[in-house]
Amino acid sequence: QVQLVESGGRLVQTGGSLRLSCTATGRTDAMAWFRQPPGNEREFVASIKWTDRNTYYASFTQGRFTMSRDNAKNTVYLQMNSLQREDTGVYYCAAGSSPSDMASTYDYWGQGTQVTVSS
C-alpha cells in the first residue's frame with residue numbers, strides 16, 4: 001500500500017507561481033499530477049518515472065509547468081508558473097506502474113490540494 005500526501009496548494013494571483021509537493025510512503029514506477037477544475041472532470045497534468053528523467057505533460061501546461069522528483073525524499077514536485085484562472089482546481093498526486101495520462105491506470109491517489117488563482 002502506498003500513501004501519498006500533497007501540499008503546497010493555496011490562493012495565488014494571476015501570473016503568480018506555486019510549487020506543489022507529493023511525498024510517497026512507498027515506491028511505484030511512475031508518479032503523476034492530475035487536476036480537477038470546478039465542475040469538470042479530472043484531467044492529466046504531468047507524469048514522471050522514478051527510473052529516468054522523462055516527463056510527460058498535457059498540452060495546456062505550455063511550458064509553464066515542470067514536474068520533477070527527488071528520489072532520496074520519495075517526493076515529486078510540480079512547479080507552476082504564469083498561473084491563470086483556468087488553472088484553479090484540486091490537484092491530485094497519483095502513483096502507478098507507468099507514466100500514463102489516463103487516471104484509470106494509477107493505483108494510488110492523494111487527498112488533493114486546492115489551488116485557487118484569482119485576479
Side-chain angles (χ1 to χ4, degrees):
Q1 186 78 7
V2 175
Q3 293 184 329
L4 306 173
V5 179
E6 303 109 329
S7 62
R10 61 175 176 86
L11 174 66
V12 63
Q13 289 190 330
T14 301
S17 297
L18 279 179
R19 188 177 80 156
L20 306 182
S21 301
C22 174
T23 299
T25 59
R27 181 64 65 88
T28 58
D29 290 338
M31 301 282 289
W33 288 98
F34 285 76
R35 71 182 188 183
Q36 188 162 14
N40 289 301
E41 295 183 352
R42 195 170 299 190
E43 60 185 7
F44 171 75
V45 177
S47 63
I48 194 169
K49 291 185 70 175
W50 286 111
T51 55
D52 60 42
R53 297 191 179 278
N54 290 330
T55 51
Y56 309 88
Y57 296 96
S59 58
F60 67 77
T61 62
Q62 299 174 345
R64 300 181 297 128
F65 294 4
T66 302
M67 186 174 184
S68 60
R69 70 193 187 335
D70 185 330
N71 289 28
K73 295 182 178 179
N74 254 20
T75 299
V76 295
Y77 305 96
L78 184 67
Q79 177 67 42
M80 304 187 292
N81 300 324
S82 302
L83 284 163
Q84 305 300 317
R85 292 184 66 181
E86 309 87 79
D87 296 316
T88 293
V90 179
Y91 283 69
Y92 295 92
C93 177
S97 58
S98 64
S100 167
D101 61 358
M102 296 177 61
S104 60
T105 63
Y106 292 89
D107 301 311
Y108 306 100
W109 291 84
Q111 81 287 354
T113 185
Q114 176 71 45
V115 172
T116 303
V117 184
S118 173
S119 57

*Asks:* Nearest heavy-atom pair of S100 and T105: which atoms, and what distance?
*Replies:* CB-OG1, 3.2 Å
*Asks:* Measuring from atom OG1 of T14 to atom CG of L83, what distance do you get when rounded to the nearest 0.5 angstrom?
*Replies:* 8.5 Å
*Asks:* Using 0.5 Å steps for rounding, measure from the OG1 atom of T61 to the OH atom of Y56.
*Replies:* 14.5 Å
*Asks:* I need the minimum non-hydrogen distance between M67 and M31, along with the two atoms involved.
*Replies:* CE-O, 3.5 Å
*Asks:* Do Y106 and S47 have side chains that get closer than 4.5 Å, going by heavy atoms?
*Replies:* yes
*Asks:* Answer with yes or no after comparing the ring centroid distance for Y92 and F34 against a 6.0 Å cut-off, counting only values under it.
*Replies:* no
*Asks:* Using modelled atom types and a 3.5 Å cut-off, is there a donor and acceptor pairing between side-chain atoms of T113 and backbone atoms of G9?
*Replies:* yes
*Asks:* What's the spacing between T88 OG1 and Q36 CD if we round to 0.5 Å?
*Replies:* 13.5 Å
*Asks:* Determine the minimum heavy-atom distance between T23 and T75, stating which atoms define it.
*Replies:* OG1-OG1, 2.9 Å
*Asks:* Measure from NZ or CZ of R35 to the centre of the six-membered ring of F60 and say whether it is under 6.0 Å with the direction within 45° of the ring axis.
*Replies:* yes
*Asks:* When you measure from the side chain of N74 to the backbone N and O of A24, does any donor-acceptor pair fall under 3.5 Å?
*Replies:* yes
*Asks:* Go through the steps to decide whether V2 and T28 satisfy the test side-chain contact (heavy atoms from CB on, under 4.5 Å), and finish with yes or no.
*Replies:* CA-CA 8 Å; V2 175; T28 58; 3.9 Å; yes
*Asks:* Establish whether M80 and I48 are linked, either directly or via other cluster members, by ILVMFWY side-chain heavy-atom contacts under 4.5 Å.
*Replies:* yes
*Asks:* Please say whether the positively charged group of R19, taken as NZ for Lys or CZ for Arg, lies over the ring of Y77, i.e. under 6.0 angstrom from the six-membered ring centre and within 45 degrees of the axis.
*Replies:* yes
*Asks:* Taking atom SG of C22 and atom CH2 of W33, what is their separation to the nearest 0.5 Å?
*Replies:* 5.0 Å
*Asks:* In this structure, are over 12 heavy atoms from other groups packed under 6.0 Å from Q3 atom CD?
*Replies:* no
*Asks:* Please name the pair of heavy atoms, one in L78 and one in V45, separated by the smallest distance, quoted to 0.1 Å.
*Replies:* CD2-CG1, 4.0 Å
*Asks:* Does any non-hydrogen side-chain atom of N54 lie less than 4.5 Å from one of K49?
*Replies:* no
*Asks:* Kindly compute the distance separating OH (Y108) from OG1 (T25), expressed to the nearest 0.5 Å.
*Replies:* 9.0 Å
*Asks:* Once you round to the nearest 0.5 Å, how far does OH of Y91 lie from CG of L18?
*Replies:* 9.0 Å
*Asks:* How close do A30 and S97 get, heavy atom to heavy atom, and via which atoms?
*Replies:* CB-C, 4.3 Å
*Asks:* For residues S17 and Q79, report the shortest heavy-atom separation together with the two atoms involved.
*Replies:* CB-NE2, 3.9 Å
*Asks:* Determine whether a donor-acceptor pair (N or O, by modelled atom type, separation under 3.5 Å) exists between the side chain of R69 and the backbone of V76.
*Replies:* no
*Asks:* Taking V115 as the starting point, is it possible to reach Y57 by hopping between hydrophobic residues whose side chains are less than 4.5 Å apart?
*Replies:* yes
*Asks:* Strictly distance-based, threshold 3.5 Å: is any side-chain N or O of Q13 a donor or acceptor partner for the main-chain N or O of S118?
*Replies:* no
*Asks:* With side chain to side chain donor-acceptor pair (under 3.5 Å) as the criterion, how do Q114 and T116 come out once you've worked through the C-alpha distance, each side chain's angles and the decisive distance to 0.1 Å?
*Replies:* CA-CA 6 Å; Q114 176 71 45; T116 303; 3.3 Å; yes
